[in-house]
Visitor: 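Could you have a look at this structure, given as structure tokens, before my questions?
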Amino acid sequence: MPSSSRTALVEDLMGRFPEVPREAVIKEDLLRGGMAFDESALSGSIGGATGDVKPKSYFIFSFDHRTLPELGAAALNRPPEEVVLTGGPYGLRRTVVSVRVNPDSPYVVRGGEDGTLGLYLDGARIADVGLPPMPEYYRHELSNGKSVMEVAPTIQWGYLIYLTVFRVCQYFGAKEECQFCDINHNWRQHKAAGRPYTGVKPVEEVLEALEIIDRYDTAGVSRAYTLTGGSITSQVAGRDEADFYGHYAKAIEERFPGRWTGKVVAQALPREDVQRFHDYGIRIYHPNFEVWDRRLFQLHCPGKERYVGRDEWHRRILESAEVFGPRNVIPNFVAGIEMAEPFGFTKVSEAIDSTTEGLRYFMSNGVVPRFTTWCPEPTTPLGKANPLGAPLEYHIRLLQAYRATLEEFGLNSPPGYGPAGPGRAVFSVSSFMDSLEGLEEEPVS
């Protein structure tokens with residue numbers, strides 16, 4: 001769809017789905033299609049420890065619509081990690097959006113005549129833009145000279161410390177890699193650009209970075225950490241997946257008992273491995289199921305299908321609820337790949353029906369999934385074939401279906417994601433938390 005009609009599309013969907021917050025409509029469009037930056041709106045930081053704006057850390061995936069060599073100024077002078085939108089003709093309440101750079105986007109962040117930053121759609125200013133301030137802890141280095149941003153970046157406006165302790169995935173090559181995931185390419189492009197991008201982060205470095213954050217985050221903005229990285233099908237540093245990620249949690253919880261809520265994103269593992277996560281101090285488990293439809297899971301997640309299989313994956317998710325409690329098992333799916341050519345659904349209604357079937361399966365068992373809005377990264381098979389991503393209508397109807405299914409089963413927003421509702425949510429890579437006004441987050445048990 002030409003960019004000149006994007007405003008009409010957005011306003012049409014706002015009118016057709018008034019129960020979905022306007023903030024969420026704009027946010028989903030930015031997440032699925034990216035935003036462009038005028039050079040004056042870039043972070044002013046190349047290395048990550050200078051300037052007044054918190055720069056994009058590339059904490060696990062690229063989440064860009066172009067490769068680093070194709071981003072131009074946005075590769076040399078980093079864009080911000082996130083932006084916050086307010087005001088404008090739609091009266092937007094405070095909305096935190098993860099930055100996904102697309103130089104061809106109809107959405108452009110630039111300075112206005114008065115010098116203040118705004119978000120422009122089809123040339124018209126639709127929101128004021130706030131940039132994340134450089135946190136004090138980013139200005140301090142580890143004893144070996146590495147930056148805190150490299151070892152323990154924070155996202156969600158500082159709420160979450162994102163610990164990608166294994167930068168690559170052992171599902172490797174066309175027959176194993178998830179078809180939407182660019183974790184391995186993101187590693188390669190950062191190394192090729194000469195950027196620091198530690199493959200396996202030593203526990204000692206992680207603890208030192210967390211000590212710096214703990215020392216300088218005097219307001220206690222950081223509330224949780226996520227341990228994650230690529231899937232491990234054999235071993236890393238002599239450890240299987242549960243022990244590899246778990247031994248970081250054990251060290252963190254021993255050094256900082258109760259300081260942060262510990263979360264881990266890992267494969268759907270056997271119960272005894274899940275129990276180890278819990279014993280090490282993890283309180284929230286994310287065994288991501290990626291896409292619900294059986295055929296699409298087999299096609300889009302060939303490694304996971306080969307090593308575990310869809311049915312066993314789902315069985316393990318429900319079994320893990322016996323260890324963590326259902327509300328603390330929060331599997332992610334990648335919203336939009338249901339409609340990715342050449343294999344996906346061609347009608348929005350069919351894709352929504354399929355996704356909702358998955359939501360009902362898990363929520364009927366007390367497990368509340370969450371989702372990340374698909375960014376069609378150009379080095380992935382699905383990104384190459386679908387540079388525009390999924391239709392915006394799919395994402396808006398998903399928000400509607402998600403809330404309706406939560407209410408059907410009497411569930412609230414999942415724990416560990418901060419406050420819910422428009423103007424309050426900080427979860428930045430989808431709008432599901434923005435769309436849950438009145439459904440409060442419960443404390444982690």
Side-chain angles (χ1 to χ4, degrees), residues 160 163 223-229 231-233 239-254 257-258 260-294 297 301 303-334 355-372 402 405-417 432 436 439-445:
L160 180 67
L163 301 172
R223 302 287 300 278
Y225 66 83
T226 291
L227 282 163
T228 189
S231 296
I232 298 171
T233 58
R239 299 176 184 268
D240 64 15
E241 184 162 305
D243 268 343
F244 177 77
Y245 290 114
H247 88 286
Y248 289 90
K250 183 175 185 291
I252 292 169
E253 295 303 324
E254 287 177 350
W260 297 284
T261 298
K263 308 196 281 185
V264 66
V265 180
Q267 297 189 85
L269 297 173
R271 181 177 178 138
E272 57 270 22
D273 290 343
V274 173
Q275 185 66 54
R276 279 189 281 169
F277 281 147
H278 192 273
D279 293 345
Y280 285 141
I282 291 295
R283 288 296 168 260
I284 295 176
Y285 178 40
H286 300 293
N288 301 340
F289 69 91
E290 315 297 14
V291 64
W292 173 253
D293 181 77
R294 179 181 300 276
F297 182 87
C301 308
K304 291 175 178 176
E305 175 64 24
R306 173 184 169 189
Y307 282 87
V308 181
R310 175 183 180 273
D311 291 345
E312 177 65 10
W313 197 281
H314 295 170
R315 190 193 69 79
R316 291 178 180 182
I317 289 175
L318 297 187
E319 187 177 65
S320 68
E322 299 172 9
V323 176
F324 279 92
R327 56 187 304 279
N328 295 325
V329 176
I330 310 171
N332 187 68
F333 63 98
V334 184
T355 308
T356 303
E357 181 181 292
L359 292 175
R360 298 191 81 258
Y361 173 82
F362 290 114
M363 291 186 187
S364 65
N365 287 282
V367 171
V368 177
R370 52 112 180 188
F371 56 90
T372 300
Y402 184 90
T405 311
L406 269 180
E407 292 178 339
E408 176 185 354
F409 292 104
L411 300 169
N412 281 324
S413 61
Y417 288 91
F432 87 91
L436 299 181
L439 294 180
E440 290 300 313
E441 176 198 36
E442 298 176 10
V444 180
S445 57

Visitor: Under the side chain to side chain contact (heavy atoms under 4.5 Å, CB included) rule, what do L160 and T226 come out as? Steps first, then yes or no, please.
Guide: CA-CA 7 Å; L160 180 67; T226 291; 3.4 Å; yes

Visitor: State, to 0.1 Å, how close P287 and P331 come at their nearest heavy-atom pair, and which atoms those are.
Guide: O-CB, 3.3 Å

Visitor: Is there side-chain contact between Y402 and V368, with at least one heavy-atom pair below 4.5 Å?
Guide: yes

Visitor: Check for me whether K263 meets the cation-pi criterion with Y417, that is, NZ or CZ under 6.0 Å from the six-membered ring centre and within 45 degrees of the ring axis.
Guide: yes

Visitor: Under a 4.0 Å threshold between the charged nitrogen and the carboxylate oxygen, would E312 count as salt-bridged to R315?
Guide: yes

Visitor: Counting C-beta onward and ignoring hydrogens, is there a side-chain heavy-atom pair between V308 and R316 closer than 4.5 Å?
Guide: yes

Visitor: Going from OH on Y285 to CG on D273, what distance comes out if it is rounded to the nearest 0.5 angstrom?
Guide: 8.0 Å

Visitor: Under 4.0 Å between a side-chain nitrogen and a carboxylate oxygen: does that hold for K250 and D279?
Guide: no

Visitor: Is there a side-chain contact between F432 and P414 (heavy atoms, below 4.5 Å)?
Guide: yes

Visitor: Which heavy-atom pair separates I317 from A268 by the least distance, and what is that distance?
Guide: CG1-CB, 4.4 Å

Visitor: Drop me the distance from E319's CD to E272's CD, to the nearest 0.5 angstrom.
Guide: 8.0 Å

Visitor: N412 and L406: side chain to side chain contact (heavy atoms under 4.5 Å, CB included), yes or no, with the steps?
Guide: CA-CA 7 Å; N412 281 324; L406 269 180; over 6 Å; no

Visitor: Tell me if a side-chain donor or acceptor on N332 pairs with a main-chain N or O of T372 at a distance below 3.5 Å.
Guide: yes

Visitor: Are side-chain heavy atoms of D243 and R276 found at a separation under 4.5 Å?
Guide: yes

Visitor: So, taking the atom named OG1 in T233 and the one named CG in D240, what distance separates them when rounded to the nearest 0.5 Å?
Guide: 11.5 Å

Visitor: Could you tell me whether a side-chain N or O of E290 sits under 3.5 Å from a main-chain N or O of F333, the two making a donor and an acceptor?
Guide: no

Visitor: Does R239 have any side-chain hydrogen bond (donor to acceptor under 3.5 Å, both in side chains) partners at least two apart in sequence or in another chain, and if so, which?
Guide: none

Visitor: What distance separates L318 CG from N365 CG, expressed to the nearest 0.5 Å?
Guide: 4.5 Å

Visitor: Which value, rounded to the nearest 0.5 Å, describes the distance between I282 atom CD1 and F324 atom CZ?
Guide: 7.0 Å

Visitor: Would S231 and E241 count as a side chain to side chain contact (heavy atoms under 4.5 Å, CB included) if you check the C-alpha gap in whole Å, the side-chain angles of each, and the deciding distance to 0.1 Å?
Guide: CA-CA 7 Å; S231 296; E241 184 162 305; 4.1 Å; yes

Visitor: Step by step, work out the side chain to side chain contact (heavy atoms under 4.5 Å, CB included) result for R294 and D311.
Guide: CA-CA 9 Å; R294 179 181 300 276; D311 291 345; 3.0 Å; yes

Visitor: So do I330 and P415 actually touch side chain to side chain, heavy atoms under 4.5 Å?
Guide: yes

Visitor: Should R310 and E305 count as an ion pair when the cut-off is N to O under 4.0 Å?
Guide: no

Visitor: Taking all non-hydrogen atoms of both residues, which atom of K304 and which atom of N288 are closest, and how far apart?
Guide: NZ-O, 4.5 Å

Visitor: For this output row, return yes or no: ring centroids of Y280 and Y245 closer than 6.0 angstrom.
Guide: no

Visitor: Classify the ring geometry of H314 against Y361: parallel below 30°, tilted from 30° to 60°, perpendicular beyond 60°.
Guide: tilted

Visitor: About how many Å separate OG1 of T228 and CG of L163, when rounded to the nearest 0.5 Å?
Guide: 9.5 Å

Visitor: Any idea which heavy atoms bring V274 and S320 closest together, and the distance?
Guide: CG1-CB, 3.8 Å

Visitor: Which heavy atom in G246 sits nearest to a heavy atom in F277, and how many Å separate them?
Guide: N-CE2, 3.9 Å

Visitor: Are the ring centres of F362 and F289 closer than 6.0 Å?
Guide: yes

Visitor: When you measure from the centre of the six-membered ring of W260, is the NZ or CZ of R283 closer than 6.0 Å and no more than 45° off the axis?
Guide: no

Visitor: Under 3.5 Å, is there a donor-acceptor pair between the side chain of W313 and the main chain of Q267?
Guide: no

